[in-house]
Amino acid sequence: MNIPVVLAILVVFAFLAFRKANLFILALAWWIGAFVFFRFGFTAPIPASVISIYMGIVSLATLAFVSSSEQRREEVSRPLLRLMTEKRFAPLLAATIIAIPALAAANVYVQMNVPIEPPFFPRTIHPASPPEITVHEKKISIDLGDNPFRELEKSNPQEFRQHVENGRRVYYQNCVFCHGDNLAGNGMFVHGLDPIPTNFADGDTIANLRETFLFWRASKGGPGLPEEGGPWNSAMPAWEKILKEDEIWDAVLFLYEFTGERPRAREEHAQ
Amino acid sequence: MNGVRSKQLLFVLGPLTGLVMFGAVIIVATFLTNREYREPDRAPIAIVDPTPRASGLADEAAAADAAAKAKPYVEAEYRRFPVVGSRVAIWAVAQLHLLFAAFVLAVPIFALIIEVIGYKTGDKRYDRLAHEFSKLLSVSFSLTATFGAFLTFMLIALYPKFTNYLMSVFSPTFLPYVLLFFAEAFFLYTYYYGWGKFHPLVHIALGAGLNLVGTGIMLIANSWLTFMMSPRGISDSGALISLEDAINNYTWMPINVHRIIANVAFGGSVAAAYAAFKFLAADTDEERAHYDWMGYIGNFVAIISFLPLPFAGYWLAKEIYAYSQTLGLTMMGGAFSWLFIIQAVLIGNLFLGANYYLWLGMGRVEGAQPFQRFVKYLLVAIVLCFMIWATPRSIIATVSEIRAMGGSTHPILGFFGVMSAKNTAVNILILTTFMSFLLYRRTGRTATVSWAKTGQAVQLLIFGAAAVFVIFLGVYGYFVEASVRIGLSVPQVSSVLFAMVSISVIDIFLFRRPKLTGEVRWGRIPAISQYVLIFIAVTFTWLMGLMGYVRSGLRQHWHVYGVIRDTSPDAFTPTLGFATQVVSVTVLLFFVLIGFVFWLASLHDRPDFEAGTKAS
Amino acid sequence: MTIPLPARIGLLVVLTTGFYTYVGQLVPQKEVQPPQETAIRADLTTADMVTVGRQIMEGKGLCFTCHTIGKSGVLRFPDLDGVASRAATREPGLSDVEYFAKSIYAPDSFIVPGFNPGMPVINKPPIGLTDQEILCVIAYLQTLGGTATVTLQTSHRYYTAPGAIPPAPPDEKAEPGEKLPLTLPPAQKGETPKAPAAGPTPGKKGEV
């Protein structure tokens with residue numbers, strides 16, 4: 001709900017009720033109020049197709065209401081009659097006569113003048129990984145495996161640092177062009193890509209993924225994405241054709257080191 | 001006089017002579033050119049020596065003759081109807097047959113009820129009204145029979161193999177069907193032409209017989225079509241095992257009930273449209289008063305029988321699911337899911353139109369102003385329910401709109417797309433319409449019984465409790481799993497039915513010997529109300545066409561679901577846009593024909609033509 | 001100027017039907033073609049079978065009317081994402097192929113916890129996939145979280161591949177005593193692996 005808009009509508013209706021406005025004005029206010037409410041009253045906007053259904057119903061109901069009794073018919077037609085017959089309203093009448101086709105024309109113009117949009121493909125954001133993959137003729141389990149160098153973090157910090165530095169080198173020689181200097185998915189090639197490269201620095205994405213998942217994505221790239229949930233259109237290369245296995249693992253280490261995130265731990269399923 | 005006549009003759013003869021001359025020229029020309037081609041030397045064929053060309057032609061003719069004689073007999077699987085194709089042709093004819101049949105079955109039901117009311121109360125007006133309703137019957141009956149024969153011939157001609165299969169299963173039912181048709185004709189014509197000629201009880205018995213026979217005909221025909229949808233009593237390869245099972249298949253009973261109720265609703269609305277037509281064409285206040293009343297009764301019949309219709313629909317849908325999950329899901333989730341949004345628009349319009357007619361009707365009664373103030377609350381309830389019902393499950397949106405919504409479902413509207421919300425909306429709609437009826441009943445009279453205050457409070461309490469309970473169950477449905485949620489519609493429906501029945505019963509006792517505070521001035525209603533009645537009739541007809549399409553189209557590429565496959569070029573399921581076009585054309589045809597029926601019925605009231613009165 | 005009454009009523013009728021037709025044009029327009037009778041060639045490779053299986057699931061099999069791939073939240077039927085990794089361990093003693101076959105040929109014999117039974121028997125009308133088509137579907141299901149291994153020569157307890165009749169009995173899952181009636185006509189069905197899909201069952205009935 002968009003509170004200010006809703007409040008504004010309520011204030012207008014309170015004012016109209018206070019002034020004991022004529023039924024014609026009230027009906028008009030209901031119609032416009034309903035439109036403003038549907039169009040702007042929600043923080044997540046309602047699609048135009050649904051608004052047109054709703055406004056069709058509101059129009060029918062308003063017409064039904066103002067004509068539902070003799071008294072109401074009379075009350076509604078009075079201002080209209082005065083507008084059409086009394087001399088002093090002549091300019092207003094002329095303006096109305098011009099406004100009706102003008103509004104219709106404006107509506108057509110606005111409807112035709114929409115920007116061209118690409119067709120919509122529903123995409124699952126998180127592809128499902130296979131249980132195991134083969135990289136350089138070595139089977140690596142995505143579900144059960146781990147980064148082979150992760151344990152060095154505790155057992156041998158010196159060597160771990162070397163792996164991270166190697167990962168940094170790999171990243172800035174290969175990945176930086178798309179994933180960006182600060183890993184925010186905004187490298188210089190980004191403008192040509194749809195979907196855009198993953199942002200590692202958003203504090204959310206890689207923290208929810210396991211290192212083996214990142215390894216799978218890096219080594220198999222766009223071509224290795226599962227068939228379902230497509231079309232993916234991902235431009236990520238399959239890095240196993242360029243990098244060694246250790247280099248990919250090092251780069252994964254670097255991603256976590258640079259962003260300060262921790263990889264997701266393996267969940268032990270009670271089988 | 002003579003001059004005029006000869007002038008008229010010239011007008012007719014001129015074009016006729018032109019046509020004759022045109023035809024003659026064509027015949028002569030073809031004759032000449034043919035001869036010239038075949039016999040270039042213009043000599044009779046007998047005296048010319050057989051040339052190689054002539055013998056070649058003779059050989060060819062002989063060969064063609066021999067080939068024609070040797071042509072084997074092949075049984076056709078399908079034949080094509082010109083231009084529109086077999087499916088659309090069958091579709092339109094079947095729909096027209098059904099619309100007239102529904103009308104012919106429905107009118108005797110409420111005509112008989114009205115006649116009985118007239119007999120019981122001794123009020124001659126009711127008897128006249130029932131007679132007037134049945135005036136529409138005889139022409140409609142012959143149109144029904146004509147379209148039925150048309151449909152049968154079309155089936156045999158266009159779908160010979162499939163028709164043959166249906167006959168192999170249902171042949172024992174055909175003879176009873178035809179005999180019942182004879183009985184229907186007997187009862188219908190004696191009921192109509194014997195009006196006022198017999199003892200009232202004999203006449204009522206004739207009406208009852210008419211209804212019984214009509215229902216029997218419908219039951220038999222329903223067994224054929226429900227068998228196509230949910231076959232039973234046959235072997236895997238389609239051979240008949242049990243005719244009883246084939247007749248009493250899963251969807252037979254639900255369709256029977258659904259159709260009887262829907263027929264009455266449809267018949268009432270068409271009869272109301274007839275009254276509206278007569279009202280608008282009326283010259284005197286007396287006629288206007290009579291036809292206003294007739295339209296009111298017709299509409300009353302239509303709406304009262306329309307209220308339980310959604311419940312019968314639930315039952316039918318439930319049986320379809322029970323028969324085949326695939327069939328059910330095709331209906332609600334697959335290709336046909338958008339059809340139910342169109343249906344929501346139609347039913348919303350029906351409710352709105354029906355309520356609007358009642359509100360307009362309050363103008364007939366003196367001193368109905370106090371009740372007018374409730375109209376806006378009723379209207380708000382109807383509009384909200386209508387909106388919820390018309391909110392689609394999967395919204396059509398552009399890419400930027402989906403981005404702005406943050407996904408393909410709207411965070412708020414998403415709640416309205418599902419079953420819980422829709423069920424609640426339709427139940428509240430029914431309650432609101434019922435409320436409009438109650439208010440209308442209260443115009444112009446005050447209850448005089450001693451417990452009037454309490455009675456009305458109890459009524460209001462039941463009404464409020466039912467509404468709250470329905471909404472509560474609707475909201476509760478979001479917090480439970482699907483299997484429980486489906487079950488919730490039963491208490492929802494029962495509470496609404498309970499509220500309607502109990503409130504009506506209280507109302508009947510409440511308004512025994514009421515004090516009349518204002519007179520009902522029949523005929524004093526704006527003309528627009530009569531157009532609303534016609535609008536309701538068109539909407540009902542269109543709705544029947546649409547729902548008939550979904551019932552039949554559901555089988556998709558099967559003639560008999562899961563048994564006999566449709567291999568014709570028309571086996572695909574058309575787009576909804578195309579289907580609605582066919583429905584519209586059918587509905588327009590129906591209204592042209594029913595307009596003809598109305599016109600014939602109104603000929604009754606015209607003075608007899610007497611020679612000489614015109615010429616002078 | 002007054003318009004005659006029949007014209008006014010006619011106009012109302014035409015406008016009303018016109019309005020409903022217009023509403024009918026606003027909703028999504030989709031024409032559903034009857035399922036294509038694609039012949040399963042005997043020389044399909046496993047990779048081809050995956051593609052064909054996916055097509056069958058989208059089209060003739062009607063699988064995605066109920067099942068989803070990669071959707072969470074309130075589901076009507078089990079989600080198939082990564083199903084291959086679960087299939088092998090779902091029922092003890094059943095390999096993934098056997099489990100898939102069982103859930104397709106006899107769907108009510110095992111219900112995934114938390115769901116209601118409701119899946120139709122897939123090798124019978126109205127869906128009526130052939131044994132070969134079902135093998136293709138299984139091949140595709142195996143790629144969801146695993147690797148496809150089945151070929152058209154694969155046998156399982158509901159189907160004996162024509163070339164594999166002799167080696168079928170030693171198959172550890174084929175328990176002759178527990179055969180379901182569905183397997184009774186394998187010889188008749190199996191004799192023509194090139195038979196068009198759904199040929200043996202609905203096709204013949206159509207000619208009755």
Side-chain angles (χ1 to χ4, degrees), chain B residues 77 161 165 168 236-239 273 276-277 280-281 321 324-327 329-330 333-335 338-339 341-342 345-346 392 394 396 481-483 531 534-535 538-539 542 546 556-558 561-567 571-581 583-585 587-588 591 595, chain C residues 4-6 8-37 60-66 73-77 107 114-122 124-128 185 198 201-208:
Chain B
E77 213 174 321
K161 215 178 112 186
Y165 173 72
S168 78
D236 274 0
S237 60
F277 161 69
L280 292 170
Y321 266 94
S324 156
Q325 186 93 5
T326 323
L327 206 57
L329 287 167
T330 311
W338 274 95
L339 185 137
I341 293 296
I342 305 178
V345 171
L346 284 149
S394 36
I396 310 172
E481 5 179 337
S483 52
Y531 290 108
I534 294 171
F535 170 79
V538 177
T539 307
W542 211 89
L546 185 76
Q556 299 200 299
H557 53 276
W558 297 94
Y561 192 68
V563 182
I564 306 284
R565 215 177 137 159
D566 185 352
T567 53
F572 67 94
T573 305
T575 62
L576 281 175
F578 179 77
T580 51
Q581 284 165 19
V583 171
S584 287
V585 170
V587 168
L588 287 178
F591 272 90
Chain C
L5 182 63
R8 264 184 287 169
I9 293 176
L11 191 70
L12 175 69
V13 175
V14 170
L15 280 182
T16 315
T17 46
F19 171 68
Y20 293 138
T21 318
Y22 173 69
V23 173
Q25 313 304 313
L26 289 181
V27 302
Q29 303 293 322
K30 196 177 159 210
E31 200 168 83
V32 184
Q33 293 296 334
Q36 282 297 317
E37 300 287 332
K60 189 180 170 191
L62 300 174
C63 307
F64 296 131
T65 313
C66 309
V74 183
L75 294 172
R76 184 148 52 195
F77 273 39
F115 290 93
N116 294 326
M119 178 156 153
V121 179
I122 302 297
K124 291 237 171 168
I127 295 179
T201 25
K204 266 189 191 151
K205 280 171 204 158
E207 286 153 29
V208 170

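Since we're looking at a predicted model, the values are computed, not measured. All chains are named by letter (A, B, ...) in the order of the sequence lines, taking the proteins before the strands, and each is independently numbered beginning at 1. Hydrogens, waters and symmetry mates play no part in the numbers below; they use all other heavy atoms, side chains included.
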Residue set satisfying side chain to side chain contact (heavy atoms under 4.5 Å, CB included) with C:Thr16, at least two apart, ordered chain then number -> B:Phe535, B:Val538, B:Thr539, C:Leu12, C:Tyr20

Taken to the nearest 0.5 Å, the spacing of B:Leu280 CG from C:Leu5 CG works out to 5.0 Å

Out of B:Ser324, B:Ser168, B:Ser584, return the one with the most heavy atom pairs under 4.5 angstrom to chain C.
B:Ser584

Nearest heavy-atom pair of C:Glu31 and B:Thr573: which atoms, and what distance?
CG-O, 3.3 Å

Side chain, backbone, both or neither: which part of B:Tyr531 has a heavy atom under 4.5 Å from chain C?
both

Less than 4.5 Å to any heavy atom of chain B: does that hold for the side chain of C:Leu26, its backbone, both, or neither?
backbone

Please look at C:Phe19 and chain B and tell me whether the side chain, the backbone, both or neither of the residue comes under 4.5 angstrom of a heavy atom of that chain.
side chain

Sub-3.5 Å donor-acceptor pair from the side chain of C:Gln25 to the main-chain atoms of B:Gly577, do we have one?
yes

Chain C interface, residue from B:Val587, B:Thr567, B:Leu346 that has the most non-hydrogen pairs under 4.5 Å:
B:Leu346

Check this for me: C:Phe64, atom CZ, are more than 12 non-hydrogen atoms of other residues, nucleotides or ligands nearer than 6.0 Å?
yes

Taking all heavy atoms of B:Gln581 and all of C:Thr21, pick out the closest pair and write down the distance.
CG-CG2, 3.7 Å

Non-hydrogen atoms of C:Gln29 and B:Phe578 that approach each other most closely:
OE1-N, 4.3 Å

